[in-house]
Amino acid sequence: MDVPRLQEMFKDDFDIGAAVNVFTVDSAAELLKAQYNSLTAENEMKPINTQPSEGVFTFEKADKIADFAAAHGKKLRGHTLVWHNQTPDWFFEAPGGGPADKETLLRRMRDHIHAVAGRYKGRAYCWDVVNEAVADEGEAWLRASKWHDMVGPEFLVRAFEYAHEADPDALLFYNDYNECNPVKRDKIIRLVKWLKEQGAPIHGIGMQGHYNLASPTIAEVREAIEKYAELGLIIHVTELDMSCYAWDDRRTDLLEPTAEMMERQAELYEQLFSLYREYRDVIKSVTFWGAADDYTWLSYFPVRGRRNWPLLFDAQHRPKEAFRRVARTAGVEM
Ligand code: HAH
């Protein structure tokens with residue numbers, strides 16, 4: 001039986017993407033070609049992989065993904081230029097030891113962005129310029145990080161400026177998680193407004209979309225989309241998945257998902273995609289953080305070795321009930 005294709009069903013609504021890595025472009029090649037029209041490198045374009053030591057750029061793995069995208073006519077989302085994680089320590093260190101000064105840090109940021117966004121110019125049509133700069137908890141607005149602590153909030157503005165210099169045609173995004181939590185959501189909104197006031201060239205908001213069966217509620221997702229949409233930028237859902245476990249659930253006994261989990265997941269995915277379709281004027285892309293359940297970062301994190309089943313295709317790349325229900329939101333019955 002022929003499985004209907006997500007990229008066809010939603011072609012008048014938004015792009016449908018998947019995060020890939022150097023292994024899954026081989027192991028999930030057929031599924032990727034059939035179902036998705038956009039790809040994101042899960043890790044291969046992050047600073048730790050593209051510039052492991054100063055001035056030493058390693059693009060083989062990122063190129064493999066960019067080449068796969070080009071060969072199969074897929075769009076490519078760039079992820080990610082400036083982040084507090086998966087960024088090598090040398091960025092922040094002075095040559096003689098101790099912390100680097102602000103000027104050095106900004107020069108390194110600019111060199112990095114120019115090298116990476118420059119290399120994929122004309123191939124990556126957009127970039128997550130800054131990832132996860134907002135504080136999760138409490139009163140603090142921006143997260144304590146080496147970028148923030150050593151440069152100040154200005155680091156965000158500079159990142160967008162440098163990215164725009166490097167590739168004036170790329171759409172530039174601020175990307176974050178827990179983005180439907182009302183407290184963090186409002187801090188993200190404050191950040192985006194501030195960036196615009198500072199004249200930063202920002203075009204979109206990346207809602208990561210790392211959800212689970214318990215949270216957020218569909219009402220919270222709706223309210224977040226509504227408020228982000230008011231900022232007048234476009235929205236990409238950049239890293240969608242639906243974990244079977246609540247964030248603080250540490251259970252490790254399951255070898256397969258329960259029927260209840262898969263039913264609840266299907267229901268939530270259906271509600272989510274009906275919602276996305278309602279906001280198709282502002283949501284331009286929906287990317288899953290993986291292609292199928294045989295490989296997902298959630299089988300390693302936050303509980304190492306515990307399997308998870310967060311995507312629309314099972315470990316054999318067969319459509320799950322969640323797929324059927326998502327298809328239904330596009331009027332495709334199967
Ligand atoms: C994301 N962080 C990153 O953007 C992505 O690059 C990485 O591959 C996986 C997830 C999300 C995140 C989270 O869900 C919980 C705690 C910290 C970060």
Side-chain angles (χ1 to χ4, degrees), residues 17-25 28 38-51 61-62 65 76-88 112 116 120 124 126-138 140 142-148 156 159 163 172-181 183-185 187-188 191 204-216 220-221 224 235-250 285-293 295-304 306 308-311:
V20 296
N21 59 44
V22 286
F23 306 108
T24 59
V25 287
S38 177
L39 301 176
T40 306
E42 183 187 14
N43 292 301
E44 287 75 359
M45 293 188 183
K46 292 171 178 173
I48 190 85
N49 289 313
T50 49
Q51 196 179 181
K61 291 178 177 178
I65 289 164
L76 185 60
R77 290 196 85 260
H79 175 81
T80 181
L81 296 171
V82 175
W83 193 20
H84 63 282
N85 258 331
Q86 293 181 257
T87 298
H112 181 77
V116 179
Y120 297 103
C126 68
W127 275 98
D128 294 327
V129 176
V130 180
N131 204 29
E132 306 177 349
V134 162
D136 279 303
E137 308 280 344
L142 299 175
R143 166 196 302 278
S145 73
K146 287 185 178 160
W147 286 118
H148 179 259
L156 288 131
L172 305 181
F173 284 77
Y174 174 74
N175 190 46
D176 215 329
Y177 68 96
N178 281 352
E179 75 284 351
C180 298
N181 171 297
V183 174
K184 190 164 176 190
R185 176 198 70 205
K187 294 181 196 177
I188 294 171
L191 173 59
I205 299 172
M207 300 179 67
Q208 287 190 4
H210 291 296
Y211 304 150
N212 64 59
L213 301 183
S215 155
E220 286 168 331
V221 182
I235 294 174
H236 282 185
V237 177
T238 52
E239 308 186 13
L240 182 61
D241 49 22
M242 183 89 62
S243 171
C244 292
Y245 303 100
W247 179 246
D248 53 1
D249 184 345
R250 300 283 135 157
S285 173
V286 177
T287 293
F288 292 88
W289 211 236
D293 285 348
Y295 173 79
T296 156
W297 73 301
L298 292 171
S299 291
Y300 308 91
F301 182 81
V303 177
R304 184 178 280 270
R306 176 184 70 182
N308 209 323
W309 305 273
L311 300 163

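In listed order, ligands and their atoms are each counted from 1.
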**Request:** Select one of side chain, backbone, both or neither to describe which atoms of Trp247 lie under 4.0 Å from any atom of ligand 1, heavy atoms only.
**Result:** side chain
**Prompt:** Relative to ligand 1, is Asn131 under 4.0 angstrom through side chain, backbone, both or neither, heavy atoms considered?
**Reply:** side chain
**Asked** Between the side chains of Asn49 and Glu44, does any donor sit under 3.5 Å from an acceptor?
**Response** no
**Distance flag, aromatic centroids of Trp247 and His210, threshold under 6.0 Å** = no
**Item:** Asn43-ligand 1 polar pair, N/O distance under 3.5 Å
**Value:** no
**Request:** Kindly confirm or rule out an N or O of Lys46 lying under 3.5 angstrom from an N or O of ligand 1.
**Result:** yes
**Message:** Closer than 4.0 Å to some heavy atom of Gln208 - which atoms of ligand 1 meet that?
**Reply:** 1 (C), 2 (N), 4 (O), 11 (C)
**Asked** Do side-chain atoms of Thr87 reach the backbone of Asn85 as a donor and acceptor pair under 3.5 angstrom?
**Response** yes
**Prompt:** Should the pair Trp309 and Tyr245 be assigned to parallel (<30°), tilted (30 to 60°) or perpendicular (>60°) ring geometry?
**Reply:** tilted
**Prompt:** Going by distance only, is there an N or O of Glu239 that falls short of 3.5 Å from an N or O of ligand 1?
**Reply:** yes
**Asked** N/O to N/O below 3.5 Å, does that happen between Trp83 and ligand 1?
**Response** no
**Request:** Taking the six-membered ring of Phe301 (Phe, Tyr or Trp), confirm whether the NZ or CZ of Arg306 is under 6.0 Å from its centre and within 45° of its axis.
**Result:** no
**Message:** Just to confirm my output: which protein heavy-atom neighbour is closest to atom 9 (C) of ligand 1, and how far is it?
**Reply:** Trp289 NE1, 3.5 Å
**Request:** Report the C-alpha distance between Asn178 and Gln208 in whole Å, list the side-chain angles of each, state the deciding distance to 0.1 Å, and finish with yes or no for side-chain hydrogen bond (donor to acceptor under 3.5 Å, both in side chains).
**Result:** CA-CA 8 Å; Asn178 281 352; Gln208 287 190 4; over 6 Å; no
**Request:** Return a yes/no value for Tyr177: is any of its N or O atoms, backbone included, closer than 3.5 angstrom to an N or O of ligand 1?
**Result:** no
**Item:** Donor-acceptor side-chain pairing of Asn308 and Thr296 below 3.5 angstrom
**Value:** no
**Min N/O separation Gln86 to ligand 1 under 3.5 Å** = no
**Message:** Starting from atom 2 (N) of ligand 1, what is the nearest protein heavy atom, named by residue and atom, and what distance separates them?
**Reply:** Glu132 OE2, 2.7 Å
**Request:** Would you please say whether a donor-acceptor pair under 3.5 Å links the side chains of Tyr295 and Glu42?
**Result:** yes
**Item:** Residue and atom name of the nearest protein heavy atom (relative to atom 14 (O) of ligand 1), distance in Å to one decimal
**Value:** Trp297 CH2, 3.3 Å
**Asked** Atoms of ligand 1 less than 4.0 Å from His79 heavy atoms?
**Response** 4 (O), 5 (C), 6 (O)
**Message:** Can you confirm whether the side chains of Trp83 and Glu132 place a donor and an acceptor under 3.5 Å from each other?
**Reply:** yes
